[in-house]
A.B. asks: 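Sending over a structure as structure tokens; questions will come in a sec.
What you see is a predicted model; the values in this text were computed from it and never measured.
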Amino acid sequence: QVQLVESGGGLVQAGGSLMLSCAASGSFVSITAMGWYRQAPGKQRELVARTASGGSTNYAESVKGRFTISRDNAMNTVYLQMNSLKPEDTGVYYCNAMIKMTGALRDTWGQGTQVTVSS
């Protein structure tokens, strides 16, 4: 079984910064893509940022210029640097990864980490 564990969430004032991390553990061949999603109170889960094949990145329009996704392939870890945070960024942030296992692909989700931005 493969697990994704997020960390780094917390309470921050508007304009502040947080860095989230997500580490994959378990038995697998490789990770093809990783990303971050969030679920705000009363809303559905939505894509925030992801790493595409070849190392390219994609961001939601609302976070462009403020958030940066990065990946440490050797450590099987993805990060989300969040700057200039706004109250609208509040929500539970979930790590997602497409993981190659022997004979299978697994769309894997972390448990989520809470981010709260106050003003």
Side-chain angles (χ1 to χ4, degrees):
Q1 184 175 353
V2 179
Q3 297 180 10
L4 301 176
V5 179
E6 304 103 331
S7 62
L11 175 64
V12 65
Q13 293 183 342
S17 298
L18 286 172
M19 176 174 279
L20 308 182
S21 63
C22 171
S25 63
S27 180
F28 53 87
V29 176
S30 64
I31 300 175
T32 61
M34 302 186 78
W36 291 93
Y37 294 70
R38 69 186 178 191
Q39 186 171 13
K43 298 179 64 177
Q44 294 297 112
R45 190 175 301 184
E46 64 181 359
L47 175 68
V48 177
R50 71 181 182 94
T51 61
S53 60
S56 62
T57 58
N58 183 258
Y59 298 90
E61 290 294 328
S62 61
V63 307
K64 285 183 177 179
R66 300 188 297 119
F67 292 9
T68 303
I69 188 169
S70 61
R71 182 174 173 179
D72 186 337
N73 291 323
M75 294 291 101
N76 298 313
T77 302
V78 65
Y79 305 91
L80 185 67
Q81 177 65 50
M82 304 185 293
N83 298 324
S84 302
L85 282 162
K86 305 174 180 179
E88 65 196 68
D89 295 318
T90 294
V92 178
Y93 284 67
Y94 297 89
C95 179
N96 173 257
M98 182 63 69
I99 300 176
K100 290 185 177 180
M101 305 176 69
T102 301
L105 290 173
R106 294 287 183 89
D107 189 8
T108 306
W109 293 88
Q111 81 287 348
T113 184
Q114 177 70 44
V115 172
T116 303
V117 184
S118 63
S119 63

A.B. asks: Could you name each residue pair satisfying salt bridge (charged side-chain N to carboxylate O under 4.0 Å, His left out) that touches residues 19-42, not counting sequence neighbours?
C.D. replies: Arg38-Glu46, Arg38-Asp89
A.B. asks: Does Asn96 reach the side chain of Trp36, with side-chain heavy atoms less than 4.5 Å apart?
C.D. replies: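 In short, these two side chains do not touch, never coming nearer than 4.5 Å.
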A.B. asks: Are Ile31 and Asn76 packed together at the side-chain level, in the sense that at least one heavy-atom pair is separated by less than 4.5 angstrom?
C.D. replies: yes
A.B. asks: Got a sec, which pairs hit salt bridge (charged side-chain N to carboxylate O under 4.0 Å, His left out) with one end in residues 96-119, sequence neighbours left out?
C.D. replies: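 Passing the test, one end in residues 96-119: no pairs.
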A.B. asks: Partners of Lys64 by side-chain hydrogen bond (donor to acceptor under 3.5 Å, both in side chains), sequence neighbours excluded?
C.D. replies: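 Counting only residues at least two positions away or on another chain, Lys64 forms a side-chain hydrogen bond (donor to acceptor under 3.5 Å, both in side chains) with Glu61.
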A.B. asks: Just how far is it from atom OG of Ser119 to atom CG of Leu85, taken to the nearest 0.5 Å?
C.D. replies: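 With rounding to 0.5 Å, OG (Ser119) is 12.0 Å from CG (Leu85).
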A.B. asks: Going by side-chain contact (heavy atoms from CB on, under 4.5 Å), name the residues that satisfy it together with Ala49, two or more places apart in sequence or in a different chain.
C.D. replies: Tyr59, Ile69, Leu80
A.B. asks: Specify whether Tyr93 and Phe67 have parallel, tilted or perpendicular ring planes, treating 30° as the upper limit for parallel and 60° as the lower limit for perpendicular.
C.D. replies: tilted
A.B. asks: For the residue pair Gln114 / Thr116, report whether a side-chain donor-acceptor contact shorter than 3.5 Å exists.
C.D. replies: yes
A.B. asks: Side-chain atoms of residues 8-23: list all donor-acceptor pairs with protein atoms under 3.5 Å, sequence neighbours left out, distances to 0.1 Å.
C.D. replies:
| unit_1 | atom_1 | unit_2 | atom_2 | d |
| --- | --- | --- | --- | --- |
| Ser17 | OG | Asn83 | OD1 | 2.8 |
| Ser21 | OG | Ser7 | OG | 2.8 |

A.B. asks: Return yes if some donor-acceptor pair links the side-chain N/O of Thr90 with the main-chain N/O of Glu88 below 3.5 Å, else return no.
C.D. replies: no
A.B. asks: Can a side-chain donor-acceptor contact be found between Gln111 and Glu6 if the only test is distance below 3.5 angstrom?
C.D. replies: yes
A.B. asks: Looking only at heavy atoms, what is the nearest atom pair of Val2 and Thr108, with distance?
C.D. replies: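 Heavy atoms of Val2 and Thr108 come nearest at O-CG2, 3.9 Å.
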A.B. asks: Find out whether the Lys NZ or Arg CZ of Arg71 is both under 6.0 angstrom from the six-membered ring centre of Tyr79 and within 45° of the ring's axis.
C.D. replies: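 Not flagged: Arg71 not positioned over aromatic ring of Tyr79.
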A.B. asks: Step by step, work out the side chain to side chain contact (heavy atoms under 4.5 Å, CB included) result for Met82 and Val115.
C.D. replies: CA-CA 10 Å; Met82 304 185 293; Val115 172; 3.9 Å; yes
A.B. asks: Would you say Val92 ends up clustered with Trp109 if hydrophobic residues are merged whenever their side chains have heavy atoms under 4.5 Å apart, either directly or through other cluster members?
C.D. replies: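 Cluster IDs for Trp109 and Val92 match.
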A.B. asks: Can Val78 be reached from Phe28 by stepping across I, L, V, M, F, W or Y side chains whose heavy atoms are under 4.5 Å apart?
C.D. replies: yes
A.B. asks: Answer whether the closest heavy-atom distance between the side chains of Asn58 and Leu47 falls below 4.5 Å.
C.D. replies: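 When only atoms from C-beta onward are counted, Leu47 and Asn58 do touch, with a gap below 4.5 Å.
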A.B. asks: Keeping to residues at least two apart or across chains, list the salt bridge (charged side-chain N to carboxylate O under 4.0 Å, His left out) pairs with something in residues 10-22.
C.D. replies: none
A.B. asks: If you define the side chain from C-beta out and look only at heavy atoms, does anything of Met34 sit under 4.5 Å from Cys95?
C.D. replies: yes
A.B. asks: Under 4.5 Å between side-chain heavy atoms, hopping through other hydrophobics if needed: is there a path connecting Val117 to Tyr37?
C.D. replies: no
A.B. asks: Drop me the distance from Arg50's CZ to Met98's CE, to the nearest 0.5 angstrom.
C.D. replies: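 Separation between the atoms: 10.5 Å.
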